[in-house]
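These notes concern the structure reproduced below.
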Amino acid sequence: ARLVGALCSLGSVVVIYRIGHEAIGKAHGFLAGLVLLLTYNFMQIGNSTLLDIPMTFFVLLAMLGMVKMHKQGVTLSNAVLTGFALGLAWLSKGVVSGPAWIALVLTVLIFNRRWLAKTEFWLVPAIALGMMGLHILLDLLFAGGRFTEHYFLRQVFGRFLGGGPEI
């Protein structure tokens, strides 16, 4: 069971390297990966069974897709990468992965409004929302809607909007 966490941790180091490499340069990418690898909490829980580890990997993968779209333009492969990463981040931990969506929206609105004119860009939300919708449908069919009821109705609407413990 810990193998998934360990692989996602290793993947996170590689993705951080790629983000640094794409955004600034190879040396900065190496240093970013090294800093992440040597971070105490990352080393301590990196091979655990917590779903935070896969979610972190998929959020970082979505960030890499956004950096690639910024540097290389919106291509089919960059849009598919970002869309699947956003969808898998949501499937890993639910609404906790929301900051990745916020980052995408802010990136589009502040830096790259021209993406909205690209057909390929619209694959990003289409793939991610399609994965989320398929998960909710399968949850309703095979689990009686338990995930949806628990994570959306109770946690999101009940706690955040209803003044629960998180507030």
Side-chain angles (χ1 to χ4, degrees), residues 3-48 50-137 151-152 155-156 160 166:
L3 183 62
V4 172
L7 290 175
C8 286
S9 294
L10 178 62
S12 294
V13 172
V14 172
V15 170
I16 280 289
Y17 164 76
R18 292 295 308 150
I19 290 172
H21 183 267
E22 288 283 334
I24 302 171
K26 191 181 259 185
H28 289 87
F30 174 77
L31 289 174
L34 185 63
V35 167
L36 178 62
L37 182 64
L38 297 176
T39 302
Y40 176 73
N41 284 336
F42 185 79
M43 289 174 30
Q44 185 179 17
I45 65 166
N47 67 344
S48 71
L50 294 173
L51 289 175
D52 297 83
I53 307 303
M55 185 208 57
T56 300
F57 170 68
F58 293 124
V59 165
L60 289 173
L61 203 58
M63 296 297 125
L64 175 62
M66 287 182 237
V67 168
K68 288 173 90 74
M69 286 193 299
H70 181 71
K71 287 290 196 175
Q72 302 169 358
V74 180
T75 64
L76 181 64
S77 62
N78 291 341
V80 169
L81 168 74
T82 308
F84 272 109
L86 283 172
L88 290 169
W90 184 84
L91 291 175
S92 298
K93 198 75 171 147
V95 294
V96 177
S97 66
W101 284 91
I102 293 169
L104 176 68
V105 169
L106 291 177
T107 299
V108 169
L109 293 178
I110 295 172
F111 300 112
N112 295 307
R113 288 192 195 137
R114 67 185 182 281
W115 289 359
L116 296 172
K118 302 268 186 185
T119 306
E120 293 89 356
F121 171 75
W122 291 101
L123 282 174
V124 174
I127 290 170
L129 292 172
M131 291 172 70
M132 293 162 62
L134 179 63
H135 180 265
I136 290 171
L137 176 68
Y151 286 102
F152 288 107
Q155 287 190 346
V156 176
F160 293 116
E166 280 83 2

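The chain is numbered in sequence order, starting from 1.
- Of the inter-residue distances, the one linking Leu51 atom CG with Leu91 atom CG reads 11.0 Å to the nearest 0.5 angstrom.
- A distance of 5.0 Å separates CZ of Phe42 from OG of Ser12, quoted to the nearest 0.5 Å.
- Applying the ring-ring contact (aromatic ring centres under 6.0 Å, His included) test to pairs two or more places apart or on separate chains, those with a residue in residues 96-118 are Trp115-Phe121.
- Every residue was checked against the ring-ring contact (aromatic ring centres under 6.0 Å, His included) condition with His70, not counting sequence neighbours, and none meets it.
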message: The test is side chain to side chain contact (heavy atoms under 4.5 Å, CB included); show your working for Trp90 and His135 and say whether it passes.
response: CA-CA 10 Å; Trp90 184 84; His135 180 265; 3.9 Å; yes
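- Screening residues 117-129 for side chain to side chain donor-acceptor pair (under 3.5 Å), with sequence neighbours left out, gives no hits.
- By the side chain to side chain donor-acceptor pair (under 3.5 Å) test, Thr107 is found to be paired with no residue, residues two or more places apart in sequence or in another chain being considered.
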For residues 126-134, which side-chain N or O atoms pair as donor and acceptor with protein atoms under 3.5 Å away, sequence neighbours left out?
none

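- Nearest approach of Gly46 to Ile53, heavy atoms of both residues: O-CG2, 3.7 Å.
- For the residue pair Thr56 and Asp52, the shortest heavy atom distance occurs at OG1-O, 2.7 Å.
- Listed here is the closest heavy atom pair of Asn78 and Met69: CB-CG, 3.5 Å.
- Put simply, CE on Met66 and CG on Leu81 are 10.0 Å apart, with the number rounded to the nearest 0.5 Å.
- In this structure, Asn47 CG and Leu7 CG are separated by 10.5 Å, a value rounded to the nearest 0.5 Å.
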Return a table of donor-acceptor pairs under 3.5 angstrom between the side chains of residues 19-28 and protein atoms on other chains or two or more places apart.
unit_1, atom_1, unit_2, atom_2, d
His21, ND1, Arg18, NH1, 3.3
Glu22, OE2, Arg18, NH2, 2.8

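- What you find for Pro54 and Val4 is that their closest heavy atoms are CG-CG1, 4.3 Å.
- Here the CG atom belonging to Leu37 is positioned 11.5 Å from the CD1 atom belonging to Ile16, to the nearest 0.5 angstrom.
- Among all heavy-atom pairs drawn from Phe58 and Ser92, the shortest one is CD1-OG, 3.4 Å.
- With rounding to the nearest 0.5 Å, the separation of CG in Leu106 from CD1 in Ile102 is 7.0 Å.
- Between Phe30 and Tyr17, the closest heavy-atom pair is N-CD1, 3.4 Å.
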